There are 2 protein chains.
Amino acid sequence: MIYSSELIKGTLKTIVLKLLADNKKMYGYEITQRVKELTLEKIQITEGALYPTLHALESDGLVTTETEFIGKRVRKYYTLSPSGKTKTKEKVSELTDFMETMKFLLDIKTKTA
Amino acid sequence: MIYSSELIKGTLKTIVLKLLADNKKMYGYEITQRVKELTLEKIQITEGALYPTLHALESDGLVTTETEFIGKRVRKYYTLSPSGKTKTKEKVSELTDFMETMKFLLDIKTKTA
DNA sequence: CAAAGATACATAAGAATCTAATGTATCGTT
DNA sequence: AACGATACATTAGATTCTTATGTATCTTTG
């Protein structure tokens with residue numbers, strides 16, 4: 001089962017930031033594959049969604065980039081900046097908190113029904 | 001603290017459906033107030049977001065409506081249709097599942113760091 | 001009793017962000 | 001040689017939310 005795309009909305013940026021926090025340095029394609037692998041195919045990040053997000057993180061100064069050549073093929077690595085690390089902590093704790101609230105909302109009557 | 005609006009994206013429809021499943025019959029304004037109350041002000045549903053969503057649920061046949069007059073003031077009640085009840089179960093279990101996956105993603109390195 | 005705030009509906013322009021498609025190019029395998 | 005995987009990127013269109021606006025009634029308070 002693949003989650004409906006609307007669920008991914010709003011969490012993509014947080015997922016990317018968290019992955020970068022855990023792995024120091026990643027490139028776009030690698031991120032799509034890692035997420036797919038970690039979520040057992042349930043979250044599929046499309047390139048059309050990922051690249052604009054990465055570019056936005058860069059222009060917000062949350063990540064820095066370095067280009068590397070693997071043979072003749074370009075690979076663009078992303079690394080968290082100091083402000084990116086701070087932002088990641090904020091985003092992760094906000095999402096964690098949000099999920100607690102949502103769990104509460106979804107459980108309300110189910111418990112007694 | 002109020003959750004950033006992007007987090008609400010994609011979950012609004014599910015929240016509304018779940019509330020209707022628990023309460024049989026609710027009107028728009030009541031939904032905004034109930035969510036605010038249940039989440040201790042952390043989720044604020046604006047009318048500009050709610051009404052289009054309710055109208056969409058109606059045109060998808062997931063809810064039926066009945067208008068009631070309180071004095072001279074109109075109140076529009078929404079009730080889940082049979083297909084709405086089925087949809088609610090699907091949406092709630094998908095979101096629950098999604099949150100488990102997200103929790104896993106967010107916990108990965110935190111555990112060992 | 002007038003004003004302000006709460007109740008209650010609704011729409012609409014603009015912003016943000018994702019999907020799906022398309023494009024370019026290299027590398028490895030069969 | 002052809003195909004699939006790797007790797008970047010952009011764009012038209014769809015979706016959905018924000019912010020503002022509009023209308024109208026009811027309740028509370030100075």
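What you see is a predicted model, and the numbers here were worked out from it, not measured in a lab. Residue numbers begin at 1 in each chain, while the letters A, B, ... track the order of the sequences.
Along DNA chain C, the nucleotide nearest Arg73(A) and the nucleotide nearest Arg73(B) are compared for position; the residue whose nucleotide lies closer to the 5' end is Arg73(B). Of the two residues contacting DNA chain D, namely Gly71(B) and Gly48(A), the nearest-nucleotide position lying further toward the 5' end is that of Gly48(A). Nucleotides of DNA chain C nearest to Leu54(B) and Tyr29(B) differ in position, and the one nearer the 5' end is that of Tyr29(B).
Within the 4.0 Å cut-off from OP1 or OP2 of dC17(D), at least one side-chain nitrogen or oxygen of Thr53(B) is found. For the OP1/OP2 pair of dC8(D) and a distance below 4.0 Å, the side-chain nitrogens and oxygens of His55(A) include no atom meeting the criterion. Contact between the side-chain N/O atoms of Thr46(B) and the OP1/OP2 oxygens of dT18(D) is found at a separation under 4.0 Å.
If you check the side chains of Glu47(B) and Thr32(B), you find no donor sitting under 3.5 Å from an acceptor.
Between the P atom of dA25(C) and the NZ atom of Lys76(A) lies a distance of 18 Å, rounded to the nearest Å. At whole-Å resolution of the value, CD in Glu47(B) and P in dA6(C) are 13 Å apart. In this structure, the CD atom of Gln44(B) is 12 Å from the P atom of dT19(D), given to the nearest Å. One atom, OH of Tyr51(A), and another, C1' of dC8(D), lie 5 Å apart when rounded to the nearest Å. One atom, CG of Leu50(B), and another, C1' of dC9(C), lie 11 Å apart when rounded to the nearest Å. To the nearest angstrom, C1' of dT6(D) lies 17 Å from CD1 of Ile45(A). Between Lys72(A) atom NZ and dT24(C) atom C1' the separation is 15 Å, expressed in whole Å. Put simply, CG on Leu7(A) is 17 Å from P on dT15(D), counting in whole angstrom units.
In summary, Lys103(B) and Glu100(A) engage in a salt bridge, as defined by a charged side-chain N under 4.0 Å from a carboxylate O. In this structure, Lys91(A) pairs ionically with Glu6(B), as a charged nitrogen and a carboxylate oxygen lie closer than 4.0 Å.
Of the candidates dT19(D), dC18(C), dT11(C), dT11(C) carries the atom nearest the Pro52(B) side chain, counting heavy atoms from C-beta on. When distances are taken from the side chain of Ala49(A) to each of dT19(C), dT18(D), dA7(D), the shortest belongs to dT19(C).
Thr11(B) places no side-chain N or O within donor-acceptor distance of the main-chain N or O of Leu7(A), the cut-off being under 3.5 Å.
Relative to the ring axis of Tyr3(B), Lys42(B) does not place its NZ or CZ within 45° and under 6.0 Å from the centre.
Counting distance only, with no hydrogens placed and no angle test, the side-chain atoms of Glu6(B) and the base atoms of dC17(D) include no donor-acceptor pair under 3.5 Å.
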